[in-house]
Amino acid sequence: SLRHRAEKERRRREKERAILTHCGTDTGGEERGVRWREKEKVAYTIPTPPGSKKDTSAPLPSAYSPQYVEACWYQWWEKEGFFTPEYHSRLPQAVEHTFSLCIPPPNVTGSLHLGHALTVAIEDALTRWRRMQGYRVLWVPGCDHAGIATQAVVERRLLRERGLRRQDLSRQQFLEEVWDWKKEKGDEIYLQLRRLGASLDWSRACFTMDPGFSAAVSEAFVRLFEAGLIYRSERLVNWSCALTSAISDIEVDSVQLSGRTLLSVPGYEDKVEFGTMVTFAYPLEGQDGEIAVSTTRPETMLGDVAIVVHPDDPRYQSLQGSVCCHPFTGRLLPILTDPIVDTQLGTGTDPPLPLSLPLPLSFILFLFLCLFLSLAVQFW
């Protein structure tokens with residue numbers, strides 16, 4: 001009812017006011033102080049050698065204390081091998097089923113956060129459930145080297161602590177610095193996982209830069225290439241001036257510019273101009289004349305495969321269906337029409353950029369769906 005909701009809202013406001021102001025109001029209008037005190041922490045003080053079973057004969061604290069309850073258990077679990085698949089033979093309810101999974105390896109560049117805790121809690125529940133059912137269970141821990149992100153962090157630390165740049169070291173020396181960083185941060189991550197009580201098999205802990213895994217990745221790429229499932233080709237990439245390396249789309253922060261803008265670029269003393277419309281022309285093939293194209297990214301012209309104009313634009317009516325020639329690659333570019341072209345932007349032409357602009361995920365999924373449906377119809 002409305003009266004019930006109003007009463008509930010009133011109590012909620014009073015509770016919020018008490019929390020924010022550390023005081024409350026009683027029914028008589030008198031203020032009374034709300035005293036906040038930290039919950040008592042009770043530690044487990046009974047001497048217990050690492051790996052020994054916890055003494056549970058002592059009385060429990062009057063209030064729940066995580067420090068008391070969780071102490072000593074994990075070391076005993078590890079020593080007894082409860083989390084290894086070999087422990088399966090000691091289970092009285094053992095069945096001939098296997099359950100295995102690998103923890104999504106957290107990046108070695110940082111520490112675990114709430115998202116990791118949620119994922120680990122769900123996986124740990126599944127893993128322990130399968131052990132209770134008698135399955136042979138393996139849950140593999142590990143961490144990821146995080147590629148460019150780790151390189152950037154290690155480079156910043158080298159510059160801050162020792163005044164060195166990556167170029168001042170050999171490849172092997174820099175790899176050793178990365179391994180030192182991994183040992184420092186990886187141990188912290190593993191300690192956090194143990195504090196969460198995750199039932200991981202630590203005897204099989206791995207790192208994505210371990211020699212065995214690096215060799216397996218190389219072998220996988222070679223096999224995929226030999227099978228014709230992947231290929232090597234030229235395409236436009238995201239080049240980092242600071243890292244002097246190509247980086248993935250996920251590492252790029254896009255900035256929308258409304259016009260000519262000067263931006264700082266690593267490696268350049270003066271700011272670099274961006275957002276300026278540049279116009280260049282493609283000569284027509286088989287006839288005199290040319291067609292002009294305007295863009296704020298002239299470097300992408302190497303990936304142009306066609307020129308698109310508006311079908312009703314009178315400037316290009318006679319050129320529809322014609323072909324122009326790329327001055328650098330010699331590629332023939334057809335002149336196509338599409339009403340989506342903005343005739344007021346630049347020269348009113350639009351070169352599609354399949355090699356430089358990432359497709360939206362929804363469009364990629366749509367293409368896969370079309371392929372699946374076509375195959376389903378073919379083989380139905």
Side-chain angles (χ1 to χ4, degrees), residues 224-225 227-240 246-261 272-379:
L224 290 171
F225 178 80
L229 298 176
I230 60 174
Y231 64 92
R232 185 175 185 177
S233 181
E234 294 181 352
R235 60 160 291 163
L236 295 175
V237 297
N238 302 308
W239 181 261
S240 170
I247 57 178
S248 66
D249 294 338
I250 198 173
E251 304 286 351
V252 176
D253 293 327
S254 299
V255 178
Q256 296 293 334
L257 304 179
S258 57
R260 180 178 180 272
T261 308
V272 180
E273 183 182 54
F274 292 91
T276 301
M277 193 72 76
V278 178
T279 301
F280 52 89
Y282 287 125
L284 296 174
E285 180 73 11
Q287 57 180 307
D288 295 332
E290 59 187 19
I291 182 170
V293 175
S294 295
T295 178
T296 58
R297 299 178 61 192
E299 72 277 6
T300 62
M301 70 174 296
L302 297 175
D304 290 350
V305 294
I307 306 298
V308 183
V309 300
H310 196 285
D312 300 329
D313 194 331
R315 295 173 293 179
Y316 307 111
Q317 290 279 337
S318 61
L319 298 181
Q320 295 179 15
S322 301
V323 177
C324 58
C325 180
H326 199 292
F328 296 137
T329 66
R331 187 188 303 121
L332 296 180
L333 312 179
I335 301 176
L336 310 175
T337 61
D338 195 310
I340 199 175
V341 176
D342 186 356
T343 59
Q344 303 301 317
L345 181 63
T347 59
T349 60
D350 184 23
L353 301 172
L355 297 181
S356 62
L357 297 182
L359 292 174
L361 178 60
S362 58
F363 183 68
I364 296 175
L365 295 175
F366 174 73
L367 292 179
F368 275 110
L369 178 60
C370 292
L371 176 61
F372 172 77
L373 291 177
S374 64
L375 292 175
V377 171
Q378 181 178 355
F379 294 102

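Positions are given from 1 along the sequence.
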How long is the straight-line distance from [atom2] of [Y] back to [atom1] of [X], given to the nearest 0.5 Å?
X    : Y    : atom1 : atom2 : answer
H326 : L332 : NE2   : CG    : 11.5 Å
E290 : C325 : CD    : SG    : 13.0 Å
L333 : I307 : CG    : CD1   : 5.5 Å

Acceptor/donor pairs from residues 343-352 side chains to any protein atom, 3.5 angstrom cut, sequence neighbours excluded:
{"unit_1": "T347", "atom_1": "OG1", "unit_2": "A292", "atom_2": "O", "d": "3.0"}
{"unit_1": "T347", "atom_1": "OG1", "unit_2": "T349", "atom_2": "OG1", "d": "2.9"}
{"unit_1": "T349", "atom_1": "OG1", "unit_2": "A292", "atom_2": "O", "d": "3.0"}

[X] side chain to [Y] main-chain N or O, any donor-acceptor pair under 3.5 Å?
X    : Y    : answer
T300 : R297 : yes
H310 : Y316 : no
T261 : G259 : yes

What side-chain hydrogen bond (donor to acceptor under 3.5 Å, both in side chains) pairs are there with at least one residue in residues 274-285, not counting sequence neighbours?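 Found E273-T276, T279-S294, Y282-D304.
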Going by side chain to side chain contact (heavy atoms under 4.5 Å, CB included), name the residues that satisfy it together with Y231, two or more places apart in sequence or in a different chain.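 For Y231 the side chain to side chain contact (heavy atoms under 4.5 Å, CB included) partners, ignoring immediate neighbours, are S233.
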Could you pull out all residues at least two apart from F274 that satisfy side chain to side chain contact (heavy atoms under 4.5 Å, CB included)?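 Counting only residues at least two positions away or on another chain, F274 forms a side chain to side chain contact (heavy atoms under 4.5 Å, CB included) with L257, L263, V265, V272.
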Do you know the tightest heavy-atom contact between P339 and P311?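 Smallest interatomic distance, heavy atoms only, reads N-CD, 3.7 Å.
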Restricting to non-hydrogen atoms, name the atom on G303 and the atom on R331 that form the minimum distance, rounded to 0.1 Å.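 Minimum heavy-atom separation between G303 and R331: C-NH1, 4.3 Å.
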Heavy atoms of other groups near F280 CZ, more than 12 under 6.0 Å: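 Above 12, so yes.
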L229, CG: over 12 other non-hydrogen atoms inside 6.0 angstrom: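 Yes, because the 6.0 Å sphere around CG of L229 holds more than 12 heavy atoms from other groups.
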Test log, rule side chain to side chain contact (heavy atoms under 4.5 Å, CB included), inputs L319 and V309: CA-CA 9 Å; L319 298 181; V309 300; over 6 Å; no
Please list all pairs passing the salt bridge (Lys or Arg N to Asp or Glu O under 4.0 Å) test where one or both residues lie in residues 314-323, with sequence neighbours left out.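 Sorted pair list: D313-R315.
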Which residues share a salt bridge (charged side-chain N to carboxylate O under 4.0 Å, His left out) with D338, sequence neighbours left out: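 Testing D338 for salt bridge (charged side-chain N to carboxylate O under 4.0 Å, His left out), a comparison that skips the adjacent residues, returns none.
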